[in-house]
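Structure record follows, encoded as structure tokens.
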Amino acid sequence: MVPLDLRATAIAAVLSVLADQTTATCPSRFSWENDVLTKEAIDSTNNTELFDFGPIVGTAASSKIIGGLPRPRCKTFPGDALWPSNSVWNLFNLTLGGALIQTVPLAAPCYDGWPQYDAAQCEYVKTNWNRPQLHVDDPTSAMLPLWQGRTCMPSDHPSQLFDNCTLGGYASYSVAVTQVSQIQLAINFARATNIRLVVKNTGHDFADKSMGAGSLSIWTHKLKNIQYIPNYTCNGHSGPAFKLGSGVETEEVYQAAEVNNVTVVGGECRTVGMAGGYIAGGGHSPMSSLVGMGADQVLSLDIVLPNGRFVTASQTSYPDLFWALRGGGGSTYGVVTSVTVKAYPQIPVSTLGFTFGTSPNVTADTFWAGVETYTSYFDTFTAAGAYGYWLVVNIGPGQFFFSMNPLWGGNMTLAQFQPLVQPFLDDLADLGIPIDPVWNEYPSLYQAHSGTFPPENVGGADNRAASRLFPRDNFVNPTKRNETMAAVRYAVEAGGILIGYNTRAATNPAVNQTNSVNPAWRETTGFFILAAAWPADASTAVIQAQSNTLTNDWMARWRQVSPGAGSYLSEGDINEPNWQQSFYGSHYPRLLQLKKKYDPTGLFYAHTAVGSEDWEVEGQLPSLPTQNGRLCKKL
Ligand SMILES: Cc1cc2nc3c(=O)[nH]c(=O)nc-3n(C[C@H](O)[C@H](O)[C@H](O)COP(=O)(O)OP(=O)(O)OC[C@H]3O[C@@H](n4cnc5c(N)ncnc54)[C@H](O)[C@@H]3O)c2cc1C
């Protein structure tokens, strides 16, 4: 049985701030990373069973949970006899120093059955529901309510499924961590009590991998430190670097880089967590065509392992983990607390924005010839270090619209960028496609990013997306290019929304690119995201049908024209067939072997994360998986 007696002194011991003097790190750890849990502190609580470390990496996993019970097939769920009592949650909260949150759905203020009911707050949530920051700042919400189960949308939202608001796929409890010891306690507690564990940073993952019904969530949002290291000399590298807490968002890093006259590799979205899922999943960037993927820039990471131990992973410390954490996906090998990444000198950036569409003078065929012409320049542009972020939408029968948001010339002045792009613009003119180009030159990535990238819209339950990493040859070889663009046109004509990136993962001898980034990225010059949409009040059956069409018709054609290529695990199809190959490629067997080594009981689970094929969330509808059910080991 769980001992419930609270002993103030013992709890104080758990919370004691103990400097880790045995592990030399480079650079030094953040102060809160020195708040490390020790075995002595755990033992002194008289609650060892609840908070003890797991077995040493590489030794046999324990087959028992708290009370000496055999580990059940399913995770313990609210309402189960084994679900911790309120006293145990209170004890846990005290041990955490008050960091435990009993979660409340973000839209609960819209429902009078909840104590949080508040019309003004509801209005605020409704008004801001499509803004990423609202969900980033919440302990459990994420960007795609579809996978939560739509059990608590803001009031009047046509996609709300029920009259009442329920937790659905949101976690039951969340730990707003500010110290490593809290992460260790949460991991040990979840392992001992057999409760599902999730990690939430910002909630940007396309499959809501930060969610799970009946789970304990570790919320990394408050780990906001940014340390600039002008003369980092360590791990075989010297030069400027940043050490980033895992709660830091992209724009925050871009701002810090601006202040220090350097450049960092981050994504296009302002609020993505750079040291969380972005680097864990590989991370594409406007800088990628110049210097490689986000994960390529990592010099070291600090991480709490599934056994609760805190370690540094680098070329020399846990090198196998260092390899896996740079591309193998989040929520798989532990909770990353901070990441150190290389920084580059500040660079000028030139950009070009324009739109074109079908019109009385531009037929649909001419429009698509224009898009295909752009793809014929993919190789030229990325070889020069350029990047493009663009959109194609179907605006009516036989009518289409293209928007360049922007074409980006990294480390190029306008005088260098314009001659690179002009042949493409001449081709558009030759096709009879008029454009009104907007050129800009900026002194830095931060200013170019702020000046050009449009704000992101999230929170919709009226669409979902899939993606494909098209290899270079699909656009260089004219026959393949025609086939590829026919498959792309088919999907857009049928109503798909295309968000395209012209990017590549440049080879960069200045960094360590021997990592687990999906090898498909190394071949890619066209990363295409395809979204299927439906009316906001569509029935579940309609959503299922559209969802099925996206995966098994539109995307099937894309897969057919790019056999053996892949998809991006962070911006992927929740129903991706053969996802192990698509998201991880030839790295999957090694990633799985490391998963079994570091997390033998499967404490960390996320949909399509490495090792997740052994698990299932109960109560799923075909084509519409949610996190709104109990997690069980497959029979
Ligand atoms: C609008 C939008 C724009 C985007 N733009 C880009 C882009 O330009 N480039 C790009 O590469 N990607 C982009 N993405 C995808 C984004 O990078 C991924 O979704 C990424 O995984 C987000 O990481 P996060 O930590 O912010 O989010 P979360 O959804 O909170 O986390 C993602 C996954 O990582 C895990 N995780 C998070 N933090 C940790 C941690 N500290 N330790 C262990 N596991 C952790 C979570 O459990 C989850 O499984 C975009 C997504 C959206 C919605």
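This chain uses plain numbering: 1 for the first residue, then up along the sequence. Order of listing sets the numbers, starting from 1, for every ligand and every atom in it.
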Task: Any N/O pair Gly273/ligand 1 closer than 3.5 Å - done: yes
Open item on the list: Would Thr271 count as being in polar contact with ligand 1, using the rule that some N or O on each side must be under 3.5 angstrom apart?
Closed with: no
Open item on the list: Side chain or backbone, does Gly330 bring an N or O within less than 3.5 Å of an N or O on ligand 1?
Closed with: no
TODO: For the residue pair Phe527 and Trp521, categorise the inter-ring angle as parallel (less than 30°), tilted (30 to 60°) or perpendicular (more than 60°).
DONE: tilted
Task: Residue selection (non-hydrogen contact nearest atom 32 (C) of ligand 1) among Asp205, Val198, Leu301 - done: Asp205
Task: Contact (N/O only, under 3.5 Å) between Val336 and ligand 1 - done: yes
Open item on the list: So Tyr389 and Phe453, do their side chains get closer than 4.5 Å, heavy atoms only?
Closed with: yes
Open item on the list: Check contact between Tyr568 and ligand 1, using heavy atoms of the residue and a distance below 4.0 angstrom.
Closed with: yes
- [ ] State whether Lys224 and Glu249 are salt-bridged, where the test is any N-O pair (Lys NZ or Arg NE/NH1/NH2 against Asp/Glu carboxylate O) under 4.0 Å.
- [x] yes
TODO: Please determine which of Val198, Ile183, Asn201, Val304 meets the side chain to side chain contact (heavy atoms under 4.5 Å, CB included) test together with Ile218.
DONE: Ile183
Open item on the list: On a heavy-atom basis, which atom in Val349 and which in Thr351 lie closest, and how many Å separate them?
Closed with: CG1-CG2, 4.0 Å
- [ ] Check whether any heavy atom of Ala280 sits under 4.0 Å from an atom of ligand 1.
- [x] no
TODO: Measure from NZ or CZ of Lys342 to the centre of the six-membered ring of Tyr344, then state whether that distance is under 6.0 Å and the direction lies within 45° of the axis.
DONE: yes
Task: Best match, Met143, His607, Glu571: closest heavy atom to atom 13 (C) of ligand 1 - done: Glu571
- [ ] Measure from atom 28 (P) of ligand 1 to every heavy atom in Gly277, Gly203, Gly294 and give the option owning the shortest one.
- [x] Gly203
